[in-house]
Amino acid sequence: MKARSTVSTWLRRILILMAVLVPASAAFAQDGDQVPTAALGGLLIVLLVVGLAAYVYMALALQTIAKKTNTENDWFAWIPILNLILMLNVARKPLWWIVLFFIPLVNIVIVIVVWMGVAEARGKPSWWGVLMIVPVVNLIVPGYLAWSD
């Protein structure tokens, strides 16, 4: 019971902190119950905007990579499953590998191998594909492969 109350206390503290950080929540702070709801709503909006920006960035980078490697159907970069097919085409890997993207733990290895192939297709060292497993660097790698000379 002690662990549950500690988790509840920390959760309440985090929600209060989010309510302070999200200015939109101040408009809904008429009583104590609405502040966490407004904070979560504000957090959800922020996460959606950040997620959409990341999706657009990755799609633009992949589309640019496809154009520079003369891979047909570069518009596949904007459609969720088709972008995996486009990556396989750019990396010159067999299309049946798409199944491997959906197997847990195997997908980590496949993503690295495919991005290594994408880097080689762009004339860059293959170790750039290995950098896709490094958390912050994986945001830089697609842009580098797409927009570098």
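A single hydrophobic cluster is seen to contain both Trp127 and Val118, as judged by linkage of ILVMFWY side chains at heavy-atom distances under 4.5 Å, directly or through other members. Transitive grouping of hydrophobic side chains (ILVMFWY, heavy atoms separated by less than 4.5 Å) brings Ile81 and Ile79 into a common cluster. Taking hydrophobic clusters as Ile, Leu, Val, Met, Phe, Trp and Tyr residues chained together by side-chain heavy-atom distances below 4.5 Å, Ile140 does not share a cluster with Ile133. The hydrophobic clustering, which links ILVMFWY residues whose side-chain heavy atoms are closer than 4.5 Å, places Leu43 and Ile45 apart. Using a 4.5 Å cut-off between side-chain heavy atoms of Ile, Leu, Val, Met, Phe, Trp and Tyr, with links allowed through other members, Leu82 and Ile65 fall into the same hydrophobic cluster.
Side-chain contact between Trp115 and Pro142: present, with at least one pair of heavy atoms (C-beta onward) separated by less than 4.5 Å. Side-chain contact between Trp147 and Thr64 is present, with at least one heavy-atom pair separated by less than 4.5 Å.
Without hydrogens or angle criteria, Lys68 side chain to Ala146 main chain gives a donor-acceptor distance under 3.5 Å. Looking at Ser148, its side chain never comes within 3.5 Å of a backbone N or O of Leu145 through a donor-acceptor pair. A donor-acceptor pair under 3.5 Å links the side-chain atoms of Tyr57 to the main chain of Leu139, judged by distance alone.
If you take CE on Met132 and CD1 on Ile112, they are separated by 9.5 Å, rounding to the nearest 0.5 Å. Here the CG atom belonging to Asp74 is positioned 4.5 Å from the CD atom belonging to Gln63, to the nearest 0.5 angstrom. Atom CH2 of Trp96 sits about 11.5 Å away from atom NZ of Lys93, to the nearest 0.5 Å. Of the inter-residue distances, the one linking Phe76 atom CZ with Leu84 atom CG reads 12.0 Å to the nearest 0.5 angstrom. Here Ile98 contributes atom CD1 and Ile110 contributes atom CD1; the two are 11.5 Å apart, rounded to the nearest 0.5 Å. Distance check, rounded to the nearest 0.5 Å: CG of Leu131 to CE of Met116 gives 10.5 Å.
Contact detail for Trp97 and Val113: the closest heavy-atom pair is CZ3-CG1, 3.7 Å. When every heavy atom of Gly129 is checked against every heavy atom of Ala119, the shortest pair comes out as N-CB, 4.4 Å. In terms of heavy-atom proximity, Val90 sits nearest to Ala121 at O-CB, 3.4 Å.
Other residues, nucleotides and ligands contribute only 12 or fewer heavy atoms inside 6.0 Å of the CG atom of Leu105.
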Quiz item: For Leu88 and Phe101, what are the C-alpha separation, side-chain angles and deciding distance, and is it a side-chain contact (heavy atoms from CB on, under 4.5 Å)?
Solution: CA-CA 11 Å; Leu88 289 171; Phe101 278 106; 4.0 Å; yes
Self-check item: Residues Asn89, Leu95; criterion side-chain contact (heavy atoms from CB on, under 4.5 Å); working and verdict
Solution: CA-CA 8 Å; Asn89 287 337; Leu95 285 181; 3.6 Å; yes
Practice problem: Go through the steps to decide whether Trp128 and Tyr144 satisfy the test side-chain contact (heavy atoms from CB on, under 4.5 Å), and finish with yes or no. | Solution: CA-CA 9 Å; Trp128 276 96; Tyr144 173 76; 3.4 Å; yes
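With Trp78 as the partner, the side chain to side chain contact (heavy atoms under 4.5 Å, CB included) test is satisfied by one option alone out of Leu62, Asn83, Val56: Val56.
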